[in-house]
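Notes follow the structure.
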There are 4 protein chains.
Amino acid sequence: MPNQPKYQRRKEDRPQEIADAAFKTFAEKGYAATRIDDVAKRAGVSKGLTYLYYKTKEDLFKAVVKNVVIRRVDSLIGNVESTELSSEEFLRGPLLEFMKKVPGSPIAIVIRLLISEGPRHPDLVNYYYENVVARGLEAIRQFVARGVERGEFRREALDHQPHLFLAPMMLSMIWRLVFADKPLDTDQLMESQVELLLAEMKA
Amino acid sequence: MPNQPKYQRRKEDRPQEIADAAFKTFAEKGYAATRIDDVAKRAGVSKGLTYLYYKTKEDLFKAVVKNVVIRRVDSLIGNVESTELSSEEFLRGPLLEFMKKVPGSPIAIVIRLLISEGPRHPDLVNYYYENVVARGLEAIRQFVARGVERGEFRREALDHQPHLFLAPMMLSMIWRLVFADKPLDTDQLMESQVELLLAEMKA
Amino acid sequence: MPNQPKYQRRKEDRPQEIADAAFKTFAEKGYAATRIDDVAKRAGVSKGLTYLYYKTKEDLFKAVVKNVVIRRVDSLIGNVESTELSSEEFLRGPLLEFMKKVPGSPIAIVIRLLISEGPRHPDLVNYYYENVVARGLEAIRQFVARGVERGEFRREALDHQPHLFLAPMMLSMIWRLVFADKPLDTDQLMESQVELLLAEMKA
Amino acid sequence: MPNQPKYQRRKEDRPQEIADAAFKTFAEKGYAATRIDDVAKRAGVSKGLTYLYYKTKEDLFKAVVKNVVIRRVDSLIGNVESTELSSEEFLRGPLLEFMKKVPGSPIAIVIRLLISEGPRHPDLVNYYYENVVARGLEAIRQFVARGVERGEFRREALDHQPHLFLAPMMLSMIWRLVFADKPLDTDQLMESQVELLLAEMKA
DNA sequence: GATGAATGAGGATTCATTCAT
DNA sequence: TATGAATGAATCCTCATTCAT
């Protein structure tokens, strides 16, 4: 390696590359412990270039969170919203599938970041709430309502908060983030919960 | 004024006061954003004194987490372990009571700190797991087992992971930490879950 | 659109346009606070082009100062040097006129820049001294001498330093630069001074 | 020099020492080119200590300017304000004395800094105006008025702006700051102006 | 010529930690 | 014990300058 060119210029999407590197670094170290220099190095660019695209570290953070949410949520939630399945089939199928994927997905990382940094970034929290949480909860609510309409579920099924479906997913997520090495069959956890709820709701 | 009281009003437990102040500050700002100076000011002592009792910021952090766990867990879990109630009564009563308290308790704060800082402090995670999580899960397991022995619960009740009891508590905790301003009846959530599980487990 | 005009509207004098933009920016922000980027934007060119004409920021600065001096001084001093007026008429007329214009002219800006940056640019200071100050002082000296020769002024008029004529102009300039919002009739100041000096010098 | 103690702790007034060092550095390099590190080094302290006393570089700058003004102005202006001299004696004596001192005094440096940085620090400009300029002008005005009352001066003397007295001082100051190596008898300049004005004003 | 993406040295500021008193 | 002045490594961010296109 005699002398590599000092100035690189690539076609690829530099902002996205930087955001990707930033996401990984934030994921590993958290917001405060992440140094812009590390992000840049990871992205294979200079520190200065990072600042060309993201005015401040906070900007970068926000961009990264929104970026992940935007890119991932549709591929996770999207296909859940339009379906021809019966409500029961939906809950047992796509929803469960979705929930099983979340704890290992980048969304889990985002949640960790929101838990840590949320209080300092209320706009991010709102963004996340509206684009992920509210949509997810509403999707569940709709399917339960449809089940009731169709006579699949008892009227009382509507009383359950949709959060109850997601609780084991939440626990699984936190468990993996914190107790990665302690055993827990998280998939089993979520399956049990769905069965529990279906047994209760079914007509 | 030669005859001042010989005994200056000496704070009995400076280390504890510092730890308390530190806990509050870590709770408010997180680990990285907490300045030792603020902790000292809050405790009403000098920065130097903090270093007399806690060698580093990290030491202080660890001490604080363990300290909270030690002081709180027994008052939360303790009275749960010995009881003369039937298993059902226990689950519906003391356990539910306990779970409702957690999301607003210092334990929730500790969990937030572990979610953020855990990866950098595996020993803390282990400590927490052994002293809180494992004990809590075991307690639940025992009561389910006792219920089966006594014929209150079906044999299959043992198949359920005790985590299922705690899932809504986890979700409630995170919800309060992140979405403090979004509505959610967290108590209702936990009650529903207990009913759900009891309906399933009962003979 | 193949038949676009073959001759792109090419700016005739890019270097001059850049220098103009630079002058305005230096005037507003001072040397250190001026960013090449801003200059380029103001000139409507790219940053790179600026560097094509001016090797460094300092080069640009020097070029700008000299440029202003060259372009302005003749229009200010020029017409003062050749005149058929009597010495008194000259001093009361063109010289006063000249002095009144200076505090609001680009020359005042250059002086401000020299006051700030002069110590780091002795060559600029010399350039300015020779092309502006020395010429101005000499012009005054000549007119006083001519007045003496012609018997308009007393012999002792020669003893006065020509700087005395310029002192109120200097004060007016600084006043406007620093105390722009504090009232001061600077024209009146200069008129008084000329009258004062004439009264003293007249035979 | 085997091992000098890392931690110094002196009785002297550290903030003042830092301000002094800062003044010298600002004087030499101007605001922007002054590095806090240099100031600290010059004061014989660490960079961090500077920030203990002055929150930002701008704070330091303001403190320094005000500090110089406060410390110097009274020793310059103070003794001028109360006097038993006749107005003429005062103008020819103490006032002239004062004016001769200014161009070589720290006040000249402050003026240079205000000329450079004033637009970015209007509060400093106001502070300087009120504490130095306005007071100086008023003192002159008072003496002229007193001279008129006493019959020393003609009534028309009041028409002259007091700034006229100060104009050569201003020019001298700027001259020394910018053209330090070019010859000019600045004292002579100021003396001439006083004589000029007295000749005009005297009854 | 002309562009603007890319670089990296430089400088302000913070804060954990030390230690003279 | 107790204090808080003092230190300096660490990090964000800026911007003059370069160079691939």
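The sequence lines fix the lettering, A, B, ..., with proteins before strands; numbering per chain opens at 1. Just so you know, these numbers use all the heavy atoms, side chains as well, and skip hydrogens, waters and symmetry mates.
Remark: P of dA10(F) and NZ of Lys57(A) are 15 Å apart, rounded to the nearest angstrom. The distance from atom CD1 of Ile36(C) to atom P of dC15(F) is 11 Å, rounded to the nearest whole Å. Summarising the geometry, the separation between CG on Asp37(D) and P on dA9(E) is reported as 17 Å, rounded to the nearest angstrom. We find that CZ of Arg14(D) is positioned 6 Å from P of dT7(F), with the value rounded to whole Å. In this structure, NZ of Lys41(C) is placed 13 Å from P of dT3(E), rounded to the nearest angstrom. Between the P atom of dA5(F) and the CG atom of Asp13(D) lies a distance of 12 Å, rounded to the nearest Å. Here the C1' atom of nucleotide dA12(E) and the CD atom of Glu58(D) are 13 Å apart, to the nearest Å. The nearest whole Å value for the distance from the OH atom in Tyr53(B) to the P atom in dT17(E) is 18 Å.
Residue contacts for Leu49(A): at a heavy-atom cut-off of 4.0 Å it reaches a base atom on one of the strands shown. Using a 4.0 Å heavy-atom criterion, one finds that Tyr54(C) contacts no nucleic acid atom at all. Within 4.0 Å (heavy atoms only), Thr50(B) reaches no atom of the nucleic acid at all. Using a 4.0 Å heavy-atom cutoff across all strands shown, Lys47(C) reaches at least one base atom of the nucleic acid.
Dashed line: the shortest gap from a side-chain N or O of Tyr51(D) to OP1 or OP2 of dT14(E) is not under 4.0 Å.
Projected onto DNA chain E by closest heavy-atom contact, Arg35(B) and Thr34(D) fall at different nucleotides, the more 5' of which corresponds to Thr34(D). Between Ser46(B) and Ala33(C), the one whose closest nucleotide on DNA chain F sits nearer the 5' end is Ser46(B).
When Watson-Crick and G-U wobble pairs are counted only if both distances are under 3.5 Å, dA10(F) pairs with dT13(E). dA20(E): Watson-Crick or G-U partner is dT3(F), with both key distances under 3.5 Å.
Taking the six-membered ring where the residue is Trp, Tyr31(B) and Phe26(B) present parallel rings, their angle staying beneath 30° rather than reaching 60°.
Asp20(C) has its side chain within reach of Arg71(C): a pair of non-hydrogen atoms, C-beta onward, lies under 4.5 Å apart.
Residues Arg112(D) and Ser116(C) bring no donor and acceptor atom of their side chains to less than 3.5 Å of each other.
Panel note: side chain Lys57(B), backbone Arg35(B); no donor-acceptor pair is recorded below 3.5 Å.
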| Yes or no on side chain to side chain contact (heavy atoms under 4.5 Å, CB included) for Leu60(D) and Ile36(D), after CA distance, side-chain angles and deciding distance? | CA-CA 9 Å; Leu60(D) 177 58; Ile36(D) 293 290; 4.0 Å; yes
